[in-house]
2 protein chains.
Amino acid sequence: MCEDRQSRRRRDPAATRTALLRAAGELFAERGFDQTTVREVASRAEVNQALLFRYFGSKQELFAEVLSHNSEALLDGGSPEELPRRILESVLSEHVGAGTEHTLVALLRSFSDERAARLLRDELGGAYAERLARFTDAPDAELRADLVLAWFFGVGMMRSVLRKSPLAEAPTEVVVDHLMRAVSLLLEKNSPTGGDED
Amino acid sequence: MCEDRQSRRRRDPAATRTALLRAAGELFAERGFDQTTVREVASRAEVNQALLFRYFGSKQELFAEVLSHNSEALLDGGSPEELPRRILESVLSEHVGAGTEHTLVALLRSFSDERAARLLRDELGGAYAERLARFTDAPDAELRADLVLAWFFGVGMMRSVLRKSPLAEAPTEVVVDHLMRAVSLLLEKNSPTGGDED
DNA sequence: GCGAGTAGTAAGCAGCTGCTTACTTGTCGT
DNA sequence: ACGACAAGTAAGCAGCTGCTTACTACTCGC
């Protein structure tokens with residue numbers, strides 16, 4: 001740090017792009033899409049704000065890039081049985097600004113933006129729900145999956161966005177434990193349906 | 001309707017105030033605090049936008065007034081046993097713009113606003129969680145209550161704000177049924193704790 | 001009828017937003 | 001060494017935001 005990058009480290013387009021993406025990812029997660037300005041992003045990245053438009057075209061496209069860049073990691077890898085736990089842990093990961101897991105927080109803060117809402121509902125939500133639905137053979141499996149997903153998102157919202165006590169301070173394992181127990185009731189095989197099924 | 005109110009029905013401050021509150025309530029629920037402009041509110045209320053500031057001082061105060069005006073109905077009335085179901089139904093009430101039940105939707109869309117977040121977390125959330133916690137005697141009753149509340153809010157978000165299928169289209173009773181069954185697992189008396197309690 | 005006070009109006013201000021443009025400066029192939 | 005092109009910069013634009021101000025005109029007590 002504190003190298004004289006004023007005139008030295010200039011002209012590094014890859015680093016500039018990365019810095020912008022990083023800063024944008026952090027700020028979108030911290031404040032949401034609306035509340036983040038391109039000037040803030042450029043400032044945190046220590047980059048001239050005109051470059052943001054040179055590299056990404058618009059604030060929306062930058063947002064989309066941040067999301068697609070980060071959301072892949074949420075869906076891939078790991079065994080299917082671990083999926084609920086993995087979604088949960090990504091939702092519960094506390095400290096925003098660390099790596100790439102805070103995409104969900106960014107989305108939960110930004111669904112006033114149409115694109116963010118679509119992504120949360122259709123792409124990410126759709127993929128999660130589809131996989132969760134496989135855990136049960138109940139006739140309304142998809143609805144049950146949606147309910148589970150809604151829970152995960154709701155917990156993420158209350159914990160990471162709103163930071164409500166005591167939920168925000170509870171150890172991750174305790175929260176996961178409670179949730180998984182209730183979820184298994186909704187998603188168990190040979191589920192004895194309550195009676196309603198349409 | 002269609003009376004020549006241009007010059008007739010003027011000079012009715014009470015009606016003007018009410019019209020502004022109504023329009024604001026609808027728009028905040030439809031678009032959230034950030035995405036709603038004072039010009040839109042005034043326009044929907046068919047009122048000059050300067051009057052909005054005469055009557056309410058600022059957009060923030062108008063928002064606060066809308067919320068306090070509507071949120072009382074959410075907490076009062078009904079027996080304690082019905083509380084979870086009542087919260088749920090207010091969260092699940094589909095059509096925004098009807099009466100006063102869409103306060104929660106407005107809040108869920110607006111928590112980028114600091115005041116909305118505080119209200120959702122501390123006042124409304126706090127009151128709900130406290131009451132929900134009374135349903136169980138588990139040592140971590142408050143955490144369990146938060147988890148239940150997070151679920152309700154999450155379901156409200158997915159259903160009323162994001163409108164994800166099939167959750168958005170599912171009959172209210174079916175959703176309530178599923179939720180109540182899982183909730184009773186978390187909030188039952190003499191709950192056999194999993195082992196963790198801090 | 002008439003002055004007073006207030007509901008209602010039109011116009012506009014300062015500040016911020018996303019985005020652009022005209023320009024300078026560094027880098028690299030030749 | 002130098003010319004060309006790309007990376008980086010400063011300044012500014014149009015549009016919108018919440019909010020204000022200077023004004024008109026209605027209503028009501030007298």
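In the text below, chain A, chain B and the rest are named by the order of the sequence lines, each starting its count at 1.
If you take CG of A/Asn48 and P of D/dG12, they are 15 Å apart, rounded to a whole angstrom. In this structure, CG of B/Leu51 is placed 11 Å from P of C/dA10, rounded to the nearest angstrom. Going from atom CZ of A/Arg17 over to atom C1' of D/dA7 covers 14 Å, rounded to whole Å. We find that CD of B/Gln35 is positioned 10 Å from P of D/dT17, with the value rounded to whole Å. In this structure, CG of B/Leu62 is placed 15 Å from P of D/dT17, rounded to the nearest angstrom. In this structure, CG of A/Leu52 is placed 13 Å from C1' of C/dT20, rounded to the nearest angstrom. The CZ atom of A/Phe53 sits 15 Å away from the C1' atom of D/dA11 (whole-angstrom rounding). Here C/dC16 presents its C1' atom at 11 Å from CD of A/Glu40, a figure rounded to the nearest Å.
At distances below 3.5 Å, at least one donor-acceptor pair connects side-chain atoms of A/Lys59 with backbone N or O atoms of A/Thr36. A donor-acceptor distance shorter than 3.5 angstrom exists from the side chain of B/Ser68 to the backbone of B/Glu65, with no hydrogens or angles considered. Formation of a donor-acceptor pair under 3.5 Å by the B/Arg144 side chain with backbone atoms of B/Leu186 is found in this model.
Each of D/dC19, C/dT27, D/dG12 was ranked by its minimum atom distance to the side chain of B/Gln49; first place goes to D/dC19. Checking C/dT17, D/dA7, D/dG18 against the side-chain heavy atoms of B/Lys59 singles out D/dG18 as nearest. Ranking C/dG8, D/dT17, D/dA7 by closeness to the A/Pro13 side chain, first place goes to D/dA7. Between C/dT20, C/dT9, C/dC13, one nucleotide has an atom nearer to the side chain of B/Ala50 than all others, and that is C/dT9. Listed nucleotides D/dT20, C/dA7, D/dG8 differ in distance to A/Arg11; the shortest reach to its side chain belongs to D/dG8.
The closest side-chain heavy-atom distance from A/Phe152 to A/Val183 is below 4.5 Å.
Annotation: of the two residues near DNA chain C, A/Thr37 and A/Gly57, the 5′-most nearest-nucleotide partner is A/Thr37. Both A/Arg54 and A/Arg39 lie close to DNA chain D; mapped to their nearest nucleotides by heavy-atom distance, the more 5′-ward contact belongs to A/Arg54.
Regarding contacts with the backbone of C/dG8, a side-chain N or O of B/Tyr55 is found under 4.0 angstrom from either OP1 or OP2. The side chain of B/Thr16 contributes no N or O atom lying less than 4.0 Å from OP1 or OP2 of C/dA7.
Under 3.5 Å, the side chains of A/Ser165 and A/Glu169 contain a donor-acceptor pair of N or O atoms.
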